[in-house]
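First the proteins, then the strands, lettered A, B, ... as listed; each starts at 1.
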Amino acid sequence: MNSRYDYAAIEKKWRAEWEKNPINKEDDKKPKYYCLDMFPYPSGSGLHVGHWRGYVLSDVLSRYKVLQGYQILHPMGWDAFGLPAENDAIKKNIHPAIGTANNIANVKRQLHEISAIYDWDREVNTTDPKFYKWTQWIFAQMFKKGLAYEKEMPLNWCPSCKCVLANEEAKNGVCERCGSVVTKRNLRQWMLKITKYADRLLTDLEGLDWPEKVKKMQTDWIGKSYGAEVDFPVKGTDLSLKVYTTRPDTLYGATFMVLAPEHEMVNEIATPENKKAVEDYCFAASTKSSVDRMTDKEKTGVFTGAYCINPLTGKETPVWVSDYVLSDYGTGAIMCVPAHDDRDFDFAKKFNLPIIPVISPEGEEEGELEKAYTGNGKMINSPAFNGMTSAEAIKFAPGYLEEHGLGKKTVNFKLRDWVFSRQRYWGEPIPIVHCPHCGAVLVPDEELPVLLPEVESYKPTDTGESPLSLIDEWVNTKCPKCGADAKRETNTMPQWAGSSWYFLRYADVNNDKELASKEALKKWLPVDMYVGGIEHAVLHLLYARFFTKFLYDIGVVDFEEPFLKLFNQGMINKDGAKMSKSKGNVVSPDDLVRDYGCDSLRMYELFVGPPEIDSEWDDSGIDGVFRYLNRVWKLIYNYKDKIIADTKETEFIRNKMSCEITTRLEALTMNTVVSGFMEYTNKLIDEAKKNDGISREALETLVILLAPFTPHLSEELWKELGHENSVFAEKWVEWDDSKLVLNTKEIPVQLNGKMRANITISTDENKESVLEKAKDALESRLEGLNIIKEIYVPGKIVNIVAK
RNA sequence: GCGGAUAUGGCGGAACUGGCAGACGCACUGGACUCAAAAUCCAGCGGUAGCGAUACCGUGUGGGUUCGAUUCCCACUAUCCGCACCA
């Protein structure tokens, strides 16, 4: 054994050894553990230390589970469709498939440096026809069930990406990918009916072991609300306007109505003298950017000239049009209660509309309202509800309206259907043929995959058509149903398609009969631990849950939730900013592996801070971990031939260490695991020096505990301790609870709550004796004082209260 | 605007159910080894006063509960995150 810790040689040796003899062997006698990383997009700039963080964490867990006797599925793959590869292809004039393959090769090389126990035989790649065959197949099954449909409607259009965006990709009216301001465009697109699953997506969140934050984000995104639909007859016609409200209790206070500019009845009800103004307003609204529509706080609007009748008061309510009303939520029309809604209040003030309060705040005088009162209170001016509180009325009102045939109880969701087509080349072709006679016809399952054809130019167009539409020989085909001349769908699927189900494919990557066999799915799924960034809280994670639920409904999988436990690792920043090539603050793992070794970097990735919090990369921080591993090396080097029997102290330290490391590892507080290692190893080193020797149990415990974190070092030291087998063939350490306390203990003594002395007691010492000792220790300080109270918390602390 | 989270030395951060605040590490200071340096080892390292034992102050701010509060309660401030005209 070398006196120096030669990490480079050790790591090279064991990596080769594991290549020949993988430490994770499939064995159906063992329980399974599926530990999954969110698979990366193979970008050209490669991995930085921030990417390592999650991968190290999941690998530590996987190796820990190996030691606990599980068979592990810990796979890796590539989410490789998408715009960057396509844009890169346009720039370099190479096929995106080639650029993608190059990037994969590079990132794969970098991933090898982590020494994770990935099973590369199970690699998946979303751009591989053998894979996207099944992405298309899932779409086909959705089509058959009526969950995939075509619709023409105003959609989010990113002028820079030149394609439509899903609602989830256009938060705040800005493209999630490139930050451009999104415009609205009327386009015919493929939609997936995710809204049909809204309730299940909401209620099933409850049982998941996920961060509360993510559950809340999904809950808010789904946005379930309870209320009522109320019909307002349009004066002088047979028409009526349907509105949705969550505040049916305030119906007596509804003094006007507002329609979204896109509402279908706008034209119908506008009076001739107002028609021109209304049309002008609606046209202006249609050209306004989504951002402006969302952020303009100043209300605008136009009167239609029409009036509705408030069904409860019988009074006339003028009907207005304003772009603060959303056309695609509720009914696209609202009743306005300016007294109790901020937005309606602003509108009423601006256009001088009547304000009638119907809720009176408790204990306050009625008077001219300066702003809307949105709190609870007593119902007033509301014959049917007077005497109730607003909380009572809100429950009572829907039933009352139903009884009188004025409306009905309803729930509404913010979640919209998923816009599922993109006008770009580098994605899965949608397996549809458009026939002049039969309409949209599915490509039969047995003809899948519909291969992505070669094309001259990948450049997107401004027309809302995919580059695929330029390839006549591909576009022109026969209708699978009637054989007539027909055209292929030229849109492709969004980037999220493959990632919505890839975790199923790992179970059975080579299957060409099914997306995965029933047996394989039963064996490995669902995912026990899913590790990845928070940025997918409502995108990927919502889509994947939706796909899983659909596949459950058609009998492909037998579970409804794909990811039982989720962990979001924080980002690693440098100089206070997210690492990026353009900022030049990228820290490369390659250099650190060269200078400190993989084991040091693995351990430092965990030590840098609490794993769920964003952390700042500290260049010299890794020195501390490196020094620590050198101390471990020296401990074994110096004492492996000086083995003595366990002393009371080492027995205590190794039991305590086993207990602490395991508890902290289970809690995923990885930074404290590392500090725990340092703390207890330092203690063992002190003991070894004191006794000029140390027990075999102490050294072996340390080496096994370290194995998931520093696998190469542990293997080497395990061999140095005289073992033939791999350390990963061992069992995870156990400890003896009865050895977690020593028989004597030092406890603090306080006088009036201030720490004044320490006393040594034996663990079973009685209260009287402890207090006696404590008072002795405080003797001089107690002179001239009267003891008022004596507190002893057994084994913890003594506090004497004296005056 | 609404909702959520966080606040501890020069820095990253520990502290289990209310019980020695600052574990562990970085940086720094002094010492040993060395011709010298690096590496390593030893010691110190919240603030103020003191040669010193020690004393007082100290977990964002102000109050409260308690023998005892980083931890619980109330109010406030700052920062970060999510949502944002969803009726």
According to the Watson-Crick and G-U wobble definitions, with both distances under 3.5 Å, which nucleotide is paired to [N]?
| N | value |
| --- | --- |
| B/A49 | B/U54 |
| B/C11 | B/G25 |
| B/U6 | B/A78 |
| B/G68 | none |
| B/C41 | B/G31 |

Quantified in whole Å, what is the [atom1] atom distance between nucleotide [N] and nucleotide [M]?
| N | M | atom1 | result |
| --- | --- | --- | --- |
| B/U65 | B/G18 | C1' | 11 Å |
| B/C80 | B/G9 | C1' | 22 Å |
| B/C42 | B/G46 | C1' | 23 Å |
| B/C26 | B/C20 | P | 26 Å |
| B/G62 | B/C67 | C1' | 24 Å |
| B/G52 | B/C45 | P | 13 Å |
| B/A78 | B/G60 | P | 16 Å |
| B/A69 | B/G22 | P | 16 Å |

Which part of the nucleic acid does [X] contact within heavy-atom distance under 4.0 Å: base, sugar-phosphate only, or nothing?
| X | result |
| --- | --- |
| A/Met217 | sugar-phosphate |
| A/Lys689 | sugar-phosphate |
| A/Val625 | nothing |
| A/Asp344 | nothing |

Please report, rounded to the nearest Å, how far the [atom2] atom of [N] is from the [atom1] atom of [X].
| X | N | atom1 | atom2 | value |
| --- | --- | --- | --- | --- |
| A/Ile797 | B/C67 | CD1 | P | 15 Å |
| A/Tyr5 | B/A39 | OH | C1' | 16 Å |
| A/Leu629 | B/G25 | CG | P | 13 Å |
| A/Asp220 | B/C81 | CG | C1' | 13 Å |
| A/Lys414 | B/A87 | NZ | P | 7 Å |
| A/Trp221 | B/G82 | CH2 | C1' | 11 Å |
| A/Tyr324 | B/C85 | OH | C1' | 8 Å |
| A/Asn671 | B/G13 | CG | P | 9 Å |

Look at [X] and [N] and indicate whether a side-chain polar atom (N or O) is within less than 4.0 Å of OP1 or OP2.
| X | N | result |
| --- | --- | --- |
| A/Tyr628 | B/G25 | no |
| A/Asn682 | B/G25 | yes |
| A/Lys213 | B/G82 | no |
| A/Arg627 | B/G25 | no |
| A/Lys796 | B/G19 | no |
| A/Thr663 | B/C16 | no |
| A/Arg631 | B/U40 | no |
| A/Lys754 | B/C57 | yes |

Is the side chain of [X] donor-acceptor paired with the backbone N or O of [Y] at a distance under 3.5 Å, no angle test?
| X | Y | value |
| --- | --- | --- |
| A/Asn752 | A/Ala802 | yes |
| A/Asn167 | A/Arg416 | no |
| A/Glu616 | A/Gly576 | yes |
| A/Ser322 | A/Val258 | no |
| A/Tyr7 | A/Leu713 | no |

### Query
On RNA chain B, nearest-nucleotide positions of A/Pro610 versus A/Gly676: which is more 5'?
A/Pro610
### Query
If you find the nucleotide of RNA chain B closest to A/Gln750 and the one closest to A/Glu616, which residue's nucleotide is nearer the 5' end?
A/Glu616
With the side chain of [X] defined as its heavy atoms from C-beta on, choose the nearest nucleotide among [options].
| X | options | result |
| --- | --- | --- |
| A/Asn758 | B/C20, B/C24, B/C67 | B/C20 |
| A/Ile334 | B/G25, B/C26, B/A87 | B/A87 |
| A/Lys171 | B/A84, B/C85, B/C26 | B/A84 |
| A/Asn799 | B/A87, B/C20, B/G68 | B/G68 |
| A/Tyr329 | B/A23, B/G25, B/A87 | B/A87 |
| A/Val793 | B/C24, B/G19, B/C20 | B/G19 |
| A/Arg756 | B/C67, B/A55, B/C83 | B/A55 |

### Task
Classify the glycosidic conformation of B/G4 as syn or anti, calling it syn when the angle lies within 90° of 0.
anti
### Query
Taking the six-membered ring for Trp, are the ring centroids of A/Phe303 and A/Phe351 within less than 6.0 Å of each other?
no
### Query
Is the A/Phe256-A/Phe347 ring centre distance short of 6.0 angstrom?
yes
#### Entry: Residues A/Lys773, A/Glu765: salt bridge by 4.0 Å N-O rule
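Answer for the salt bridge query: yes.
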### Query
Do A/Thr681 and A/Tyr628 get their side chains close enough for a donor-acceptor pair, meaning under 3.5 Å?
yes
